[in-house]
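Okay, so here's the structure we're looking at.
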Number of protein chains: 2
Amino acid sequence: MLSFTEENYLKALVQLTIFEEGKDEVGVNKLASCLEVKPATVNDMVRKLKVKSLVSYEKYGKISLTPIGRNSGMMVIRRHRLWETFLYEKLDFSWDEVHELAEELEHIHSQKLINRLDQFLGFPEFDPHGDAIPNVDGEIVIPFRKTLSESGKGDIVKIVAVKDNSTAFLQYVDKIGLVIQDEIIIEEKEEFDSLITIKIKGKQHVVSPRFTDNIFVVCAKCLKANDCSCKY
Amino acid sequence: MLSFTEENYLKALVQLTIFEEGKDEVGVNKLASCLEVKPATVNDMVRKLKVKSLVSYEKYGKISLTPIGRNSGMMVIRRHRLWETFLYEKLDFSWDEVHELAEELEHIHSQKLINRLDQFLGFPEFDPHGDAIPNVDGEIVIPFRKTLSESGKGDIVKIVAVKDNSTAFLQYVDKIGLVIQDEIIIEEKEEFDSLITIKIKGKQHVVSPRFTDNIFVVCAKCLKANDCSCKY
DNA sequence: TATAAAAGTTAGTCTAATCTAACTAATTAA
DNA sequence: TTAATTAGTTAGATTAGACTAACTTTTATA
C-alpha cells in the first residue's frame, strides 16, 4: 500500500512526463518545485520509489516511471478526476472549488469504491475542467489540443479544457463568461507584449499569456488541434 | 487543523464516554486498547490534546473531553455516518462494507462538503447500522434502547441498531436474515450458558451473547427500551 | 492493612518525511 | 577550455506517532 506522499510523487511524475508531450523523464529539481519540497527531499524519496520498482533512476540521472509506477500514478489521477466530477455534478460545487477537495479524496484507496463511483456518475469521459478521466486499467486518451497562445489571428477555436486548476484562474475564466465548448475568435495578436484580443459570445476581451497559456483549444470547424487548414 | 491521528483519538473518546451511558471519562488503558496502540502512546498523545484544550487530564487521572474536543470528535462521527449512508444508499455497498471505507472518508475535512453531502442524502437521521447521525452543530439524540441480552423471556422487541460494525458480525446478522426494524420474539433464555432462543420472521434461532450483546432493541409495542410494562 | 495486580508513566529508540548547509557533478557560456 | 552557473547529493537535524522496557502509582483483595 502506497502512502499519501508516495502517491503524490507518482501523480506529479505522470503530470510531468506522460501529460507533458514529448517527455518521458524529469529532473530532481523540476519534481521538487512541482511538489513544493526541496530537491534533497525528492532525492531521498526517489531512492525509496526505486526500491519499490515504481521509478527508474540512477544517481545524477533523470527520473522516469516504470509501468507499475505509471499505473499507480494514473489511478491517483483517475480518482482525483472522478471525485471532481462527483462534487461538480452531484453536490453542486463550482469548478473552482473541486480541485482542492479532490486533492484529499484522491487518496481513498478502494478500487471498488472508485469503480462504483464511476458507474454512479455514468462513466464520464471528462472532468469539470475538460480533462480526460483514465479508465479502470489506467489508460487515457490524450486528446489533440493546443493552447490558445498557439492559435493564430483569425482562427475560430473551441475551448476543450483548462490547464491551470487554481481557484484564481478558474474564477477569472468564469468572470469573462467562458465555458467549456464555447467558441473563441482570435481577433488580434500583439507580438510586442503577447496580448491577444478575443471574442466570446459576441463580446471582446483583451487577455494576457497568463490566460492564453492555460486554455486548451481545438479548431471549431474540424475539431483538430494541428494540421487544420480550415479557412473562414 | 487536526491530524488524522488526533481525530481518531477524539472519535474514540466520544465513543467511550458520551456513547457509553453514564460515563464521562475514560482511562489510558481503555483508550489504548480501543485504538489498538500501547498505553505509553496514549499517554503522549493525551498530553498533546490537553495542550490544544481538547481534553481534560491530570497525571494518573482519567481523560475527558472538553466542549471543543467533544464537538471535534462528534464531527468525525458525523462525517463517518454520512459517508456510510452515501455508500449504502447511492453506491449500493452492503452494510458490512461501509464501515471500513468510512474510516478513511471521515478524515476529509471540508465542512461545506459534508453539509452538501447531508443535503444530497436528504438529511438522514440514521446510518445503515441504525446509529443516529450528529447534526451540523455536533448534537445527537441518543435514543432509548437496550441490548437484546437485557431483554427478558417472552419480550417482543424491534431491532433498532447494531453495536458492532465489523464485517464478520454484520455478515452473521445478514445470514440469519435480520434487518433493522425487524421484530424479534425472545422464546427462551438459558441462564446456564446465556444462550437465547429467538424467533425472527417465524424462524427460530439459538444465539450467543456475542450476538445478543451487539443488537440494540426497543419494545415492539411501545417503542421504549425501559419501563415497558406491555403484556403480550 | 499489607501486598499483589492493574493502571499509568518515563526514558530511550525507530521510521517516514521533511528540512538546512555544505558539498560534488554536469552543463553552459565567455 | 576554463570558469561560472545550475543541478544533484550527502550528512545531520527535526517532528509526529509509534514502540519497548523499566519504573511508579493506584486499586483491589486476601
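Computed from a predicted structure; not experimentally measured. Chain letters run A, B, ... following the sequence lines, proteins first, then strands; residues in each count from 1.
Atom NZ in B/K38 sits about 19 Å away from atom P in D/dC23, given to the nearest Å. Rounded to whole Å, atom P of D/dA7 lies 14 Å from atom OH of A/Y57. If you measure from atom CE of A/M45 to atom P of C/dA16, you get 9 Å, rounded to the nearest angstrom. Nucleotide D/dT10 holds its P atom 9 Å from the CG atom of A/D44, rounded to whole Å. For the pair A/F4 CZ and D/dA16 P, the interatomic distance rounds to 17 Å; values are reported in whole Å. Spacing between atom CD of B/E36 and atom P of D/dA18 amounts to 12 Å, rounded to whole angstrom units. In this structure, B/L35 atom CG and D/dA18 atom C1' are separated by 12 Å, rounded to whole Å. If you measure from atom OH of A/Y60 to atom C1' of C/dT27, you get 14 Å, rounded to the nearest angstrom.
Residue-level contact check: B/T41 touches the bases, meaning some heavy atom is under 4.0 Å from a base atom. The residue A/Y9 sits close only to the backbone: its heavy atoms come under 4.0 Å of sugar-phosphate atoms, none of a base.
Sequence order on DNA chain C of the closest nucleotides to A/V37 and B/A40 puts B/A40 first from the 5' end.
Here the side chain of B/E97 pairs a donor or acceptor atom with the backbone of B/S94 at under 3.5 angstrom. Judged purely by atom type and a 3.5 angstrom limit, A/R116 uses its side chain to pair as donor or acceptor with the backbone of B/L91.
Set against C/dA7, D/dA18, D/dG8, the side chain of B/N29 has C/dA7 as its closest nucleotide. With D/dA18, C/dG8, D/dG8 as the candidates, the nucleotide lying closest to the side chain of B/V28 is C/dG8.
Each of B/R79, B/R78, B/K11 was scored for a side chain to side chain donor-acceptor pair (under 3.5 Å) with B/E106, with one residue passing: B/K11.
Proximity of B/R47 to the phosphate of D/dA16: no side-chain N or O atom is located under 4.0 Å from OP1 or OP2. Put simply, A/K59 has a side-chain N or O that comes within less than 4.0 Å of OP1 or OP2 on D/dT10.
Between the side chains of A/E7 and A/H109, at least one donor N or O lies within less than 3.5 Å of an accepting N or O.
Ring orientation note: the planes of A/F211 and A/F169 are tilted relative to one another, at an angle of 30° to 60°.
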